[in-house]
> 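Sharing a structure here in structure tokens format.
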Amino acid sequence: MNHEETRTPSNFIRNIIDADIASGKHGGRVATRFPPEPNGYLHIGHAKSICLNFGIAEDYHGTCNLRFDDTNPHKENAEFVEAIKRDVHWLGYDWGNRLFYASDYFEHLYEYAVELIKKDKAYVCDLTPEQTREYRGTLTEPGRDSPFRSRSIEENLDLFARMRAGEFRDGEKILRAKIDMAASNMNLRDPAIYRIRHGVVHHQTGEAWCIYPMYDFTHCLSDAIEGITHSLCTLEFEDHRPLYDWFLDTLDVEHHPQQIEFSRLELEYTITSKRKLTQLVDEGHVEGWDDPRMPTLAGMRRRGYTPASIRDFCDRIGVTKSTNNVEMSVLENCVREDLNQCAPRRMAVLHPLKVVIENYPEDQCETLQAANHPQDESMGVRELPFTRELYIDREDFLEVAPNKKFKRLVTGGEVRLRNAYVIRCDEVIKDGNGEIIELRCSYDPDTLSKNPEGRKVKGVIHWVSAPHAVAAEVRLYDRLFNQPNPGSDREGGEFTDHLNPESLLTLTRCYLEPNLKDAGPGDFFQFEREGYFCADPDPSHGLPVFNRTVTLRDSWAKIEKKGG
RNA sequence: UGGCGGAUCGUCUAACGGCAGGACAGAGGACUCUGACUCCUCUAAUCUAGGUUCGAAUCCUAGUCCGCCAGCCA
């Protein structure tokens, strides 16, 4: 196959859609929807669904609605609604004028419920929640009919109207679909479709309602009302499909969308359960929903992940029904690939070690030029001040080379200062504790943008001019959990037991090249030889803060590891 | 012990009865003023057992293992 332009690989859902279009089903129309409940922030798992639904709409010249599944006001709020809209937009998708709320349909849904009652397919039930559970039976035993199952249509109509009017307390009555208490599929054992909820203010409908429809009843009808053709959801709703179809077959609706289920994204070393993410925030294990260690879109944005890299990731992991556990390296590769192309290069010293160039004039300051990108000239150049006193990274100097492969600075050895001169280390200055505090070096004036005569200098290290350096705080992030599957509590432990205590390392004394002084929130860079970083919106103690998005691929670390 | 679903290189995924391919990871090498990037080479898979067929990852039969379901959550 040589369809290089075909970026989006095919999958079983697209195959179904292709077949539907070929057969003329839905008149060849494609309409999807992304239906989050506004009870938390969007995470990487939602990104998979967003890319799937909006991606299909784009490729098939169809539509994709953003619909808030807001039928449980108890857990939802307007802050989440706004955050979700912001994150979908940030990811690069636009719902145009197709923003909906399930609550837009509350009146319509109520009428459908009345229709169900009139068809003798729903009844008001007075059983307590405990009794309902007892009557439901178990996985292996059938349930028993509720004693209220045989109420007359007239009585049900009256009772349901009075439920709406607020005549009954929470839990006193529910409206149930009349299906089959002996069904092997538990969802069909007369599921609840309306419950009573007093005293909650719904973020959209306020106090207009005291009864709220359940998911199963709401979702299929919302899809039908919006003319959705393919209703894509995750695997745990597979058992609900017969119920989805039952409502649409029983009621008089114009469209009957097709529900198709795919497997949830599982990512190594992370969790994507909303309950658990909420717990991380509430218990203060992280700083908030947008903590750069969170797998939320808000967190990933703050961490420096680009929308393009997340979309690319979603393309690469594919869509199937099989259980999966995607390696972190796939995600990391996606950001590196994107950032490598578009991130300007800068120099930043994370663990400063003072270097004095003894043969460089004390009052001299040269302005050197450096490319913003080694492969992309269009990104231009920047200026770098070079002076007698510099900082290099402590990790780039060792008194004695540990092995022949070590290319950095050693006592008496030479190294190239990136974009500048070759220097030699002549003397090591230590404090009373034997700690190295300064290096005395000399430079070769004849090595600016050319190789030294008669010898080879293999190593190149980064540096900043001491008097020009911008002090900054740099935060190095590592995985939030130290277990590949922190969410699967096999041994009955809490998932928080697997939190990585070293997920955040804050460096408070870093020195950046002066060009970084004007970086604005969200600006991203490659700090050469260190990784990709982006400017955090909140300064710390007056210092600019940079977050490490991801390290560079590091083959030296592998060599070191093997050698040690 | 009920119902529904799943199983292909280490990981993710392709194949629609006809050469098991790609990506990530891993190994080796080339290049390099980033131990980055790029380039080249290599390693590596059809859950098991039968059957149908000229030919099976794909169809059939019987197993095995894994996931989901007993909210007035979604």
> Please state the P separation for the pair B:C72 and B:U1 - nearest whole angstrom.
27 Å
> Among side-chain atoms of A:Asn72 and A:Asn39, is any donor-acceptor pair under 3.5 angstrom?
no
> Please pick, from B:G35, B:A14, B:G2, the nucleotide with the shortest atom-to-atom distance to any side-chain atom of A:Thr320.
B:A14
> Taking the side chain of A:Ser449 as heavy atoms from C-beta outward, which of B:C33, B:G35, B:U34 is closest to it?
B:C33
> I'd like to know if A:Gln375 reaches the base of B:U38 with its side chain such that a donor and an acceptor end up less than 3.5 angstrom apart.
no
> Taking only residues two or more places apart in sequence, or in another chain, which ones meet A:Ala182 in a side chain to side chain contact (heavy atoms under 4.5 Å, CB included)?
A:Pro142, A:Asp180
> Using a heavy-atom cut-off of under 4.0 Å over every strand shown, decide if A:Arg345 touches base, sugar-phosphate, or nothing.
base
> I'd like to know if A:Glu37 pairs up with A:Lys274 as an ion pair, taking the criterion as any Lys NZ or Arg NE/NH1/NH2 lying under 4.0 Å from an Asp or Glu carboxylate oxygen.
no
> OP1, OP2 of B:G71 versus side-chain N and O of A:Arg275: anything below 4.0 Å?
no
> Quick one: is A:Arg136 getting a side-chain N or O under 4.0 Å of the B:G71 phosphate, OP1 or OP2?
yes
> Taking only Lys NZ, Arg NE, NH1 and NH2, and the carboxylate oxygens of Asp or Glu, determine whether A:Arg529 and A:Asp393 approach each other closer than 4.0 Å.
no
> Quick one: the dot-bracket string of RNA chain B, using Watson-Crick and G-U wobble pairs with both distances under 3.5 Å, [ ] for crossing pairs and | for bases paired to another strand.
.((((((..((((....[..)))).(((((.......)))))....(((((..]....))))))))))).....
> Nearest to the A:His240 side chain among B:A36, B:C69, B:A74, which nucleotide is it?
B:A74
> Of the options B:G5, B:C72, B:C69, whose atoms approach the side-chain atoms of A:Met214 most closely?
B:C72
> Report yes if a donor N or O on one partner sits less than 3.5 Å from an acceptor N or O on the other, where the partners are the side chain of A:Glu261 and the base of B:G5; otherwise report no.
no
> I'd like to know if A:Arg241 pairs up with A:Glu261 as an ion pair, taking the criterion as any Lys NZ or Arg NE/NH1/NH2 lying under 4.0 Å from an Asp or Glu carboxylate oxygen.
yes
> Using a cut-off of strictly less than 4.0 Å, decide whether A:Lys321 has a side-chain nitrogen or oxygen near OP1 or OP2 of B:A7.
no
> Rounded to the Å, how far apart are A:Asp180 CG and B:G3 P?
15 Å
> Mapping A:Ser263 and A:Tyr215 onto RNA chain B by nearest heavy atom, which one lands closer to the 5' end?
A:Ser263
> Among the candidates B:C12, B:C24, B:A70, find the nucleotide nearest to the side-chain atoms of A:Leu139.
B:A70
> Between B:U34, B:C24, B:G6, spot the one nearest the side chain of A:Arg316, thanks.
B:C24
> Tell me whether the side-chain N/O atoms of A:Arg197 come closer than 4.0 Å to OP1 or OP2 in B:C73.
yes
> Counting the atoms with a prime plus P, OP1 and OP2 as sugar-phosphate, which does A:Tyr194 contact under 4.0 Å by heavy atoms, base, sugar-phosphate, or nothing?
nothing
> Considering only the C1' atoms, how many Å lie between B:A57 and B:U46, rounded to the nearest integer?
5 Å
> Between the base of B:A70 and the side chain of A:Glu134, is one N or O donor paired with an acceptor at under 3.5 angstrom?
no
> Please state whether the phosphate of B:G35, meaning OP1 or OP2, lies under 4.0 angstrom from any side-chain nitrogen or oxygen of A:Arg529.
yes
> Could you measure between the two P atoms, the one in B:G18 and the one in B:C59, and give it in whole Å?
12 Å
> Measuring to OP1 and OP2 of B:A36, would you say a side-chain N or O of A:Arg336 lies under 4.0 angstrom away?
no
> Using the glycosidic torsion, which applies to B:G51: syn (within 90° of 0) or anti (everything else)?
anti
> Looking at every non-hydrogen atom in both residues, tell me the closest pair between A:Cys441 and A:Val355 and how far apart they are.
SG-CG1, 3.8 Å
> For the pair A:Glu236 and A:Arg264, find out whether any cationic side-chain nitrogen is under 4.0 Å from an anionic carboxylate oxygen.
yes
> Check every strand shown and say whether A:Ile317 touches a base, only sugar-phosphate, or nothing at a heavy-atom separation below 4.0 Å.
sugar-phosphate
> Does a side-chain N or O of A:Thr138 approach OP1 or OP2 of B:G2 to a distance below 4.0 Å, or not?
no
> Is any side-chain nitrogen or oxygen of A:Arg416 closer than 4.0 Å to OP1 or OP2 of B:U34?
no
> Measuring from the side chain of A:Thr323 (C-beta onward, heavy atoms only), which nucleotide among B:C72, B:G6, B:G35 has the closest atom?
B:G6
> Expressed as a whole number of Å, how far does the C1' atom of B:C66 sit from that of B:U48?
15 Å
> For RNA chain B, whose closest nucleotide is more 5', that of A:Asp239 or that of A:Asp126?
A:Asp239
> Please report the distance separating the P of B:U8 from the corresponding atom of B:U13, rounded so that it comes out in whole Å.
8 Å
> For A:Val550 and A:Arg336, run side-chain contact (heavy atoms from CB on, under 4.5 Å): C-alpha distance rounded to whole Å, both residues' side-chain angles, the deciding distance at 0.1 Å, then the answer.
CA-CA 7 Å; A:Val550 66; A:Arg336 286 196 187 108; 3.7 Å; yes
> Just by distance, with hydrogens left out, do A:Gln526 and A:Glu528 show a side-chain donor and acceptor under 3.5 Å apart?
no
> Can you check the distance between B:U58 and B:U53, where both ends of the measurement are the P atom (answer in whole Å)?
16 Å
> Between A:Trp209 and A:Phe106, how do the two ring planes meet: parallel, tilted or perpendicular, split at 30° and 60°?
perpendicular
> Identify which nucleotide among B:A27, B:A7, B:A14 has an atom closest to any side-chain atom of A:Asn11, counting heavy atoms from C-beta outward.
B:A14
> From the set B:C24, B:A70, B:G5, return the single nucleotide nearest to any side-chain atom of A:Glu238.
B:G5
> Counting side-chain heavy atoms from CB outward, which of B:C73, B:U13, B:C37 is closest to A:Asn340?
B:C37
> Does any donor-acceptor pair link the side chain of A:Arg408 with the base of B:G35 at a separation under 3.5 Å?
yes
> For A:Met181, check side chain to side chain contact (heavy atoms under 4.5 Å, CB included) against everything at least two apart and list the hits.
A:Asp145, A:Arg149, A:Arg176, A:Arg189, A:Asp190
> Roughly how many Å apart are B:U61 and B:A44, using the P atom of each and rounding to a whole number?
35 Å
> Using atom P of each nucleotide, how far apart are B:G22 and B:A45 to the nearest Å?
14 Å
> Tell me: CE of A:Met186 to C1' of B:C4, nearest whole Å?
13 Å
